[in-house]
**Q** 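The structure is given below, and queries will be raised subsequently.
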Amino acid sequence: MAAPAEGYITDVSYIPGFYPNMAPVAMRYVATLNRVKPPAVSQGFRYLELGCGLGRALTTLAAANPQGEFVGVDVNPEHTAIVEKEIAAGQLSNARVLTADFGQLPNDLGQFEFIALHGVFSWVSQDVRDQILAIAKERLAPGGLLLVSYNAMPGWAHLQPIRGILRQYAALRQGDSLQRMRDALAYLVYIRDKQAKYFIDNPRAAAYVDGLLKQDVRYLAHEYLNEHWTSFYFSDVAGMFGTAGLAFVGSLPVFTNFWDLCVRPEFQELFRTTSNRLVTEAHKDFCANTAFRWDVYAKAPQVMPEVADRLREADDFYFHVSRPGITLPYQVNLGVVTSTVQGPVYQALLDALSAGSLRLSELAAVKELAGTPPADLARAVDAGVAMGLFDVAAGPVISQSAHVSATVSLASPFNRAILATDALGGRPVALASGTTGTGHSLGDFDAAILHELLEQGSAGLVARVDERLAKSGRSLQKEGKPVADAAERLQLVEQACDAFVKTSLPQLVRLGIVTKA
Ligand SMILES: C[S@@+](CC[C@H](N)C(=O)[O-])C[C@H]1O[C@@H](n2cnc3c(N)ncnc32)[C@H](O)[C@@H]1O
């Protein structure tokens, strides 16, 4: 058994979570839209996750990418035991997990086209960060991509004192990390409600406390009780990975690569006149008050200066309309700026992609788009993805089916295992798609409806889901209040089943998760 990581809590297990930003298709797409050649994946690839926790990202991505080899590392044996169980239940022969400290990885681990670490970099000591940087330097294959997430400045500036007070108060208390976290939260609410001057001077921090109360205490313990906790400026992190020989490529979600979607028009002059991304990222974080970043770095990146290079080297992304019913003009606000999508190019893209997914070269050949210069076309497609009109998939996605018969099945053993354990579990359930190369989240109640549909078909579906709901003790909400009346609950269940079969089920069929029997 590996020694517990110095300063990192191990007495409380973390919570499972799937994050689409960690998918190879997402990392590859960020590289591509930033003109960096992504690693090829069709003939296989290797993916390393550092600090995989309960491993839901690792297992979901392994199920969605059978041609890849996935290796997770975590120091906490309770975490890795759970990952091992889920690997076995999902019959994932392409995934494994190592119980190890980052400083003790086996020498023969080899190199990886992808390395990802989410929820780790801000929460470990500088010594552990140095170990991570050494792994990045040695284990990332040339041309490979690394994804790192971290708490960012300046968004964390007014919240850092909250972390400080939680940790200091928890240290005074008895019990395990969960109990100490609960006590610390109660104290935080007390000083907020009694109007400690910090909260009067920082009203956003006062409101933030309400958000904390809605979170899982296990998450809060891992977020706030570790000895080492740092929020970084982008330039700090770029500097550290720079010393490991990695170059900044871009960030996730996709819209964060478009400064005009993140920065109000009055600040945009700097971005128009400065091409140094290391400078513009820092200004963008200030203008958008960024509190969390997902950054992609590359080792020995090969630049694709022209769209022709992209069409030659990275034309394996399938673009499709993200959901039915999108019409132009389409307005979107991604936090700071409201943008409007309109015009003939976007209309032609919507029309072309409504019929099914297409690659960039296929879009360029569509009659209505043939006159659009390739660079403008690529920009419109990428901006459409950034604004949520289109999604990107690793493989072809079929067009929207108007109706799906209720006789359906789930091909992937991983998805069957997840659905059996997580439906009605109180958190979203991500199912793997071998078509898109990533996971797609359902609400836990929708997951229960799908599970019932698969187990026993559509006859009596509403009554079965209602019975399951009643047994689980989980309540449905109406106008923010739990529904206690049985007849009213049954009516809500009926509406939910109807909406699921009409809307979510066809989407799951399109994504290749559910197959029509
Ligand atoms: C906040 S959790 C994030 C887990 C997972 N990536 C997620 O987002 O769900 C951080 C994980 O890093 C692991 N960890 C911390 N320090 C480590 C070290 N030095 N070596 C290996 N794993 C470590 C912890 O055990 C924990 O599971």
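When reading the values below, keep in mind they use all heavy atoms of this one structure, side chains included, and skip hydrogens, waters and symmetry mates. Every number for a ligand or one of its atoms is a count from 1 in the order of the listing. All values reported here derive from a predicted model rather than from experimental measurement.
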**Q** Within the 4.0 Å heavy-atom shell around Gly119, which atoms of ligand 1 are there?
**A** 1 (C), 2 (S), 3 (C), 10 (C)
**Q** Indicate, as side chain, backbone, both or neither, the part of Trp123 found under 4.0 angstrom from ligand 1 when only non-hydrogen atoms are considered.
**A** neither
**Q** Using modelled atom types only, decide if a donor and an acceptor are shared between the side chain of Asp74 and the backbone of Gly53 within a distance under 3.5 Å.
**A** yes
**Q** So, the side chain of Thr503 versus the backbone of Phe500: is there a donor-acceptor pair under 3.5 Å, distance only?
**A** no
**Q** Answer yes if the ring centres of Phe319 and Phe390 are under 6.0 angstrom apart, and no otherwise.
**A** no
**Q** At a 4.0 Å threshold, what atoms of ligand 1 neighbour a non-hydrogen atom of Tyr19?
**A** 8 (O), 9 (O)
**Q** For ligand 1, does Asp101 get within less than 4.0 Å through its side chain, its backbone, both, or neither, judged by non-hydrogen atoms?
**A** both
**Q** Is the shortest N/O to N/O distance between Tyr14 and ligand 1 below 3.5 Å?
**A** no
**Q** Got an N/O contact under 3.5 Å between Val75 and ligand 1?
**A** yes
**Q** So does Arg218 get a backbone contact from the side chain of Asp216, meaning a donor-acceptor N/O pair under 3.5 Å?
**A** yes
**Q** Assess Cys52 for proximity to ligand 1: is some non-hydrogen atom of it under 4.0 Å away?
**A** yes
**Q** Just heavy atoms, cut-off under 4.0 Å: does His79 contact ligand 1 by side chain, backbone, both, or neither?
**A** side chain
**Q** Would you call the rings of Phe121 and Phe232 parallel, tilted or perpendicular, taking 30° and 60° as the class edges?
**A** tilted
**Q** When you look for heavy atoms under 4.0 Å from ligand 1, do you find them on the side chain of Val124, its backbone, both, or neither?
**A** side chain
**Q** What pairs with Arg310 under salt bridge (Lys or Arg N to Asp or Glu O under 4.0 Å), at least two apart in sequence or on another chain?
**A** Asp382
**Q** Relative to atom 12 (O) of ligand 1, which among Gly51, Pro16, Ser13 owns the nearest non-hydrogen atom?
**A** Gly51
**Q** Anything under 30° is parallel, anything over 60° is perpendicular, the rest tilted; go ahead and classify Tyr14 against His79.
**A** tilted
**Q** Side chain or backbone of Arg56 under 4.0 Å from ligand 1, or both, or neither, by non-hydrogen atoms?
**A** neither
**Q** Are His440 and Leu431 packed together at the side-chain level, in the sense that at least one heavy-atom pair is separated by less than 4.5 angstrom?
**A** no
**Q** Who passes side-chain contact (heavy atoms from CB on, under 4.5 Å) against Ala136, sequence neighbours left out?
**A** Leu146, Phe241, Leu246
**Q** What atoms in ligand 1 come closer than 4.0 Å to a heavy atom of Glu49?
**A** 6 (N)
**Q** Hey, what's the ring geometry for Phe292 with Trp123, parallel, tilted or perpendicular (30° and 60° as the breaks)?
**A** tilted
**Q** Evaluating non-hydrogen atoms only, which member of Leu98, Ile9, Asp74, Thr99 is closest to atom 27 (O) of ligand 1?
**A** Asp74
**Q** Do ligand 1 and Tyr8 have nitrogen or oxygen atoms that lie under 3.5 Å from each other?
**A** no
**Q** What atoms of ligand 1 come closer than 4.0 angstrom to any heavy atom of Asn76?
**A** 25 (O)
**Q** Return a yes/no value for Phe102: is any of its N or O atoms, backbone included, closer than 3.5 angstrom to an N or O of ligand 1?
**A** yes
**Q** If we count only N and O atoms by modelled type, under 3.5 Å, do the side chains of Trp229 and Glu223 hold a donor and an acceptor together?
**A** yes
**Q** Below 4.0 angstrom from a heavy atom of Ala100, which ligand 1 atoms are there? Numbered from 1 as shown, please.
**A** 20 (N), 21 (C)
**Q** What part of Ala57, side chain from CB on, backbone N/CA/C/O, both or neither, has a heavy atom under 4.0 Å from ligand 1?
**A** neither
